[in-house]
Engineer: 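There's a structure below that I have some questions on.
Predicted model only: the values in this text are computed from it and were never measured.
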Amino acid sequence: MAFTIAIDGPAAAGKGTISKAIAAHFGFAHLDTGLLYRATGRRVLLGDDPVDAAYSLSAFDLTGEGLRTPEVAQAASKVAADPQVRAALVDFQKGFARRDGGAVLDGRDIGTVICPDAEVKLFVTASDVIRAERRYLELSAKNMDVTREQVLADVRARDARDASRDAAPMVAAHDAVLLDTSEMSIEEAVAKAIAVIKQAQ
Ligand code: CDP
């Protein structure tokens with residue numbers, strides 16, 4: 001049986017961590033859709049055409065710590081504004097969402113464009129300063145050479161671009177449950193998300 005959980009929100013809101021925990025809890029498959037845009041952005045940084053790259057992503061493109069750098073995040077946010085790039089990635093995401101056994105997808109347009117009929121929609125957010133601090137700690141732990149100021153600037157620039165683009169802008173679906181994790185530990189955020197999903201089951 002298909003059961004789709006759509007998780008959207010701004011950069012570094014904790015969508016990935018919450019999605020993984022939920023998927024493990026319910027035994028659902030998880031797709032980090034940001035990886036598709038990051039992989040496309042990385043190919044563009046290497047000189048490829050954005051639309052060709054989006055149509056020809058391979059398993060290899062979707063692996064490696066190189067996808068997590070702020071440079072690739074910025075490139076992802078730029079290619080993500082191109083409607084042709086988004087169109088290239090739609091079918092895969094929709095197919096994943098309706099697979100048997102349940103699916104969790106996290107991104108920017110999952111509850112609005114990819115899965116408007118998702119059984120559960122969450123919009124996860126936190127203040128930009130808190131999100132940037134969490135991402136700074138994450139990148140520093142991976143020995144990436146970043147400063148707090150750079151990470152905050154990256155988060156703000158991507159949020160502004162993602163929210164203002166014409167093609168599938170980042171916005172909470174009208175029927176999404178808002179989860180502001182500014183004052184929550186990751187355990188509290190996951191527990192809250194699980195409670196919302198149980199109510200819908
Ligand atoms: O992990 P973080 O929240 O920093 O970013 P991500 O989810 O990996 O997404 C990277 C970029 O891909 C975003 O800034 C968006 O521009 C784009 N994206 C999108 O447009 N639509 C999605 N469904 C997922 C990501």
Engineer: State, to 0.1 Å, how close Gln74 and Ala157 come at their nearest heavy-atom pair, and which atoms those are.
Structural biologist: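 Minimum heavy-atom separation between Gln74 and Ala157: NE2-CB, 3.7 Å.
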Engineer: Do the side chains of Val113 and Ile7 join up, straight or via other hydrophobic residues, at under 4.5 Å, putting them in one cluster?
Structural biologist: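 No, separate clusters.
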Engineer: Is there a side-chain contact between Cys115 and Lys94, using heavy atoms and a 4.5 Å cut-off?
Structural biologist: no
Engineer: Would you say the side-chain atoms of Gln150 pair up with the backbone N or O of Thr147, donor to acceptor, closer than 3.5 Å?
Structural biologist: yes
Engineer: Could you walk me through whether Asp32 and Arg68 pass salt bridge (Lys or Arg N to Asp or Glu O under 4.0 Å), step by step?
Structural biologist: CA-CA 12 Å; Asp32 170 358; Arg68 295 287 168 200; 3.1 Å; yes
Engineer: Nearest 0.5 Å, what's the CG-OG1 distance between Asp52 and Thr40?
Structural biologist: 11.0 Å
Engineer: Thinking salt bridges, do Arg43 and Asp48 make one under a 4.0 Å N-O criterion?
Structural biologist: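 Result for this pair is yes, salt bridge flagged.
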Engineer: If we ignore hydrogens and angles and just use 3.5 Å, is the side chain of Gln199 paired with the main-chain N or O of Val196 as donor and acceptor?
Structural biologist: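 Answer holds: no.
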Engineer: Looking at every heavy atom in both Ala172 and Leu178, which two are closest together, and how far apart are they?
Structural biologist: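 Minimum heavy-atom separation between Ala172 and Leu178: CB-CD2, 4.1 Å.
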Engineer: Taking side chain as C-beta onward, heavy atoms only, is Val72 less than 4.5 Å from Leu45?
Structural biologist: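 Yes - at least one pair of side-chain heavy atoms lies under 4.5 Å apart.
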Engineer: Under a 3.5 Å distance rule, please check whether Arg38 uses its side chain to pair with a backbone N or O of Ala76 as donor and acceptor.
Structural biologist: no
Engineer: Could you walk me through whether Lys15 and Lys20 pass the side chain to side chain contact (heavy atoms under 4.5 Å, CB included) check?
Structural biologist: CA-CA 8 Å; Lys15 304 178 299 290; Lys20 277 194 204 92; over 6 Å; no
Engineer: Does the Thr125 side chain pair with the main chain of Gly9, one donor and one acceptor, at a distance under 3.5 Å?
Structural biologist: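 Flag not set: sc Thr125 to bb Gly9 has no pair under 3.5 Å.
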Engineer: Would you say Leu57 ends up clustered with Tyr37 if hydrophobic residues are merged whenever their side chains have heavy atoms under 4.5 Å apart, either directly or through other cluster members?
Structural biologist: yes
Engineer: Using the side-chain contact (heavy atoms from CB on, under 4.5 Å) definition, which of the options Ile110, Asp117, Leu105, Val120 pairs with Thr4?
Structural biologist: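 The option that passes is Leu105.
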Engineer: Which pair of heavy atoms, one from Ala97 and one from Ala103, lies closest together, and at what distance?
Structural biologist: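 Closest heavy-atom pair between Ala97 and Ala103: O-CB, 3.7 Å.
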Engineer: Out of Arg131, Lys192, Arg134, which one pairs with Thr181 under the side chain to side chain donor-acceptor pair (under 3.5 Å) rule?
Structural biologist: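 In the set Arg131, Lys192, Arg134, the residue that makes a side chain to side chain donor-acceptor pair (under 3.5 Å) with Thr181 is Arg134.
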Engineer: Is Gln201 atom CD crowded by more than 12 heavy atoms from other residues, nucleotides or ligands, each under 6.0 Å away?
Structural biologist: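 Yes.
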Engineer: Output, in order, the C-alpha distance, side-chain angles, deciding distance and verdict of side chain to side chain contact (heavy atoms under 4.5 Å, CB included) for Ile22 and Ile197.
Structural biologist: CA-CA 9 Å; Ile22 288 170; Ile197 296 161; 3.5 Å; yes
Engineer: Is it true that Val85 and Phe96 fall in one hydrophobic cluster, defined by side-chain heavy atoms closer than 4.5 Å?
Structural biologist: yes
Engineer: Is the closest side-chain heavy-atom distance between Tyr55 and Leu89 below 4.5 Å?
Structural biologist: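 When only atoms from C-beta onward are counted, Leu89 and Tyr55 do not touch, as no gap falls below 4.5 Å.
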Engineer: Test Phe123 against Leu179 for side chain to side chain contact (heavy atoms under 4.5 Å, CB included), laying out the working first.
Structural biologist: CA-CA 6 Å; Phe123 194 83; Leu179 192 57; over 6 Å; no
Engineer: Decide, yes or no, whether a salt bridge links Asp109 with Arg86 under the criterion of side-chain N to carboxylate O below 4.0 Å.
Structural biologist: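 Yes, this pair counts.
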Engineer: Do Met144 and Leu67 share a hydrophobic cluster (ILVMFWY, side-chain heavy atoms under 4.5 Å, transitive)?
Structural biologist: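 Different clusters: Met144 never reaches Leu67 through Ile, Leu, Val, Met, Phe, Trp or Tyr contacts under 4.5 Å.
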Engineer: Does Lys121 use its side chain to pair, donor to acceptor, with the backbone of Asp8 at less than 3.5 Å?
Structural biologist: no
Engineer: Passes side chain to side chain contact (heavy atoms under 4.5 Å, CB included), Val51 versus Asp82? Steps please.
Structural biologist: CA-CA 8 Å; Val51 181; Asp82 182 337; 3.9 Å; yes
Engineer: Would the number of heavy atoms belonging to other residues, nucleotides or ligands and lying under 6.0 Å from CD of Gln84 be above 12?
Structural biologist: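 Atom CD in Gln84 is not packed in, count stays at 12 or less.
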Engineer: Which heavy atom in Ala88 sits nearest to a heavy atom in Ala54, and how many Å separate them?
Structural biologist: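 It is CB-CB, 3.7 Å.
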Engineer: Just jot down the side chain to side chain contact (heavy atoms under 4.5 Å, CB included) partners of Ile186, sequence neighbours excluded, or say none.
Structural biologist: Thr17, Ile18, Val190
Engineer: Scan side-chain atoms only and decide if Arg148 and Ser140 contain a donor-acceptor pair under the 3.5 Å cut-off.
Structural biologist: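 Result is no, nothing qualifies.
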Engineer: Quick one: are Glu133 and Val129 in side-chain contact, heavy atoms under 4.5 Å?
Structural biologist: no
Engineer: What heavy-atom pair brings Ser182 and Ser127 nearest, and what distance separates the two atoms?
Structural biologist: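 Of all heavy-atom pairs spanning Ser182 and Ser127, the closest is OG-N, 3.0 Å.
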Engineer: Under 4.0 Å between a side-chain nitrogen and a carboxylate oxygen: does that hold for Glu119 and Arg98?
Structural biologist: yes
Engineer: With respect to Leu139, which candidate in Asp145, Asp154, Val151 satisfies the side-chain contact (heavy atoms from CB on, under 4.5 Å) definition?
Structural biologist: Val151
Engineer: Hey, are the side chains of Leu152 and Tyr136 touching, using non-hydrogen atoms and a 4.5 Å cut-off?
Structural biologist: no
Engineer: Going by the salt bridge (charged side-chain N to carboxylate O under 4.0 Å, His left out) test, which pairs reach into residues 161-173, not counting sequence neighbours?
Structural biologist: Arg108-Asp162, Asp162-Arg165
Engineer: Verify, without hydrogens or angle tests, whether Asp159 (side chain) and Ala11 (backbone) share a donor-acceptor contact under 3.5 angstrom.
Structural biologist: yes
Engineer: Out of curiosity, does Leu122 fall in the hydrophobic cluster containing Val171 (side-chain heavy atoms, cut-off under 4.5 Å, transitive links)?
Structural biologist: no
Engineer: Would you tell me whether Ser58 and Asp61 have side-chain atoms, one donor and one acceptor, within less than 3.5 Å of each other?
Structural biologist: yes
Engineer: Taking all atoms of both residues into account, what is the closest heavy-atom pair of Ala39 and Leu62, and its distance?
Structural biologist: CB-CD2, 3.7 Å
